[in-house]
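Indexing begins at 1, ligand by ligand and atom by atom, following the structure's order.
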Amino acid sequence: MDTKKSIHGEWSSRTTFILAATGSAVGLGNIWKFPYITGENGGGAFVIVYLLCVALVGIPVMMAETMFGRRGRENPVNTMHLLTKEANADEHWPYLGWMGVIAGVLILSYYSVVAGWACGYVLKAIDGSFFGVDAQGAKNLFTAFTASPLQLLFWHTGFMAATMLIVARGLSQGFEKSIRFLIPGLFLLLFLLVGYAMTTDSYFQGLHFMFNPDFSKLTGNSILVALGQAFFSLGIGMGAVMVYGAYLPKKVSITETITIIAIADTVVALLAGIAIFPIVLSNNLPLNSGPGLIFESLPIAFGNMFGGWLFGILFFVMLVFAALSSSIALIEPAVSWLVENKGMERSKACWCAGGVTWLLGFGSALSFNIGSDVTVFGKTFYDLLDYLTSNLMLPIGGFCIAIFAGWMMSQAHSEAELAMVKPLHYKAWRLLIRYIAPAAIFVVFLSVVGVV
Ligand code: PHE
């Protein structure tokens, strides 16, 4: 398998891979989801658990997933087939690839709806809707927006179309060009927002909320949410990183690049929290207001700060781009599977996979308005999909990846792929992937089921 290359091409350089994988990792998960679930789960203690999940489970699993991709060089289903054969493992392992393809489509279906909100907010930023807005005004703006099925469906459709256009153009032209300026720009704007947050009178209160742990607020479920968020935010457990790994040149160090990417991802999430909580607190907004949190708080900042009109536009444009670079990773496993296994042309595969995802998205879009009463286990369609994918499918996928990498794949193969400079590093990775990561995921699941 050593000289094999993907039929879709390769990343042109190490930097491009870092940018693309960071683009996949950094998205709505960091800026929209991390703050709102931190708010819902009590702050500091949740953040600590989240950081532990990233370090002890997320990073080792992310390395393993990239390694699978680079060794197999095909879509997650085929890659798992090849690796299963190579390792002489049970014939059911390729289902892991399948689960990833399905999880990607499910996640993108609601991800695109929220990305659509960001698109709608670009327009609101342009037309001055945030100007001088207070907490109530910002809340009304968001409520009126999400109450309109037509608007949500319109933006969801637009966002899906943009995603599929980029994916249809393939690796180098579509992906690489769209991510080059995104990450640096996003960092810059986040720093600016943190600067604004410092001027509010609740800056330290916000920091206190985020970093002062109150472990009595942790429940089994919030630990599962932290674990699920680590997977969601890094974009692992569903094959996206595997496909990106399939396009990774042999000479690039997986250990180094993945560590850089995971750190960047975590820093963006923390910056988003540091920017948002002071704004939320100083405007007496509820910390646990759920998915609307950034949409109800950031307009207040933009509406009242110097240069806020321009920064507001830039911020939401950046958010749309960050979402786009994650969306293309979410749908790529399905598209590459259709191309490689069904012999479809890339553009046709895009419209098929994209079409299904787009239709599914209707369920989530409508669950914020006319369908909000339709619930299963007390959860709306959106909540249900989110729970199923982030908290169940991704951690289960991660668990299986860890078991395969640690117990099925031969040590010689993983050692060669990871090519760690110091033997101690490899030993540490192997310890994490064989014991710590699977055990942690297992215990978290048990605690939710109530056994522990
Ligand atoms: N990591 C992305 C985000 O934080 C979402 C994502 C999940 C992307 C899974 C790829 C795979 O927004």
Which N or O atoms of ligand 1 sit under 3.5 Å from a protein N or O, and how far apart is each pair?
unit_1: ligand 1; atom_1: 1 (N); unit_2: S24; atom_2: O; d: 3.1
unit_1: ligand 1; atom_1: 1 (N); unit_2: A25; atom_2: O; d: 2.9
unit_1: ligand 1; atom_1: 1 (N); unit_2: F232; atom_2: O; d: 2.8
unit_1: ligand 1; atom_1: 1 (N); unit_2: S233; atom_2: O; d: 3.0
unit_1: ligand 1; atom_1: 4 (O); unit_2: A25; atom_2: O; d: 2.9
unit_1: ligand 1; atom_1: 4 (O); unit_2: G29; atom_2: N; d: 3.3
unit_1: ligand 1; atom_1: 4 (O); unit_2: N30; atom_2: OD1; d: 3.3
unit_1: ligand 1; atom_1: 12 (O); unit_2: L28; atom_2: N; d: 3.2
unit_1: ligand 1; atom_1: 12 (O); unit_2: G29; atom_2: N; d: 2.8
unit_1: ligand 1; atom_1: 12 (O); unit_2: Y111; atom_2: OH; d: 2.5

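- Within a 6.0 Å sphere centred on CZ of F442, heavy atoms belonging to other residues, nucleotides or ligands number 12 at most.
- Ring geometry for Y50 versus F34: interplanar angle of 30 to 60°, hence tilted.
- Evaluated for a ring pair (Phe, Tyr, Trp, His ring centres under 6.0 Å) with W117, the options Y110, F295, Y111 yield exactly one hit, F295.
- Ring geometry for F362 versus W358: interplanar angle over 60°, hence perpendicular rather than tilted (30 to 60°).
- Taking K139 as the reference, E296 meet the salt bridge (Lys or Arg N to Asp or Glu O under 4.0 Å) condition, with sequence neighbours excluded.
- Ion pairing of K379 with D386 is absent here, as no side-chain N (NZ or NE/NH1/NH2) approaches a carboxylate O to less than 4.0 Å.
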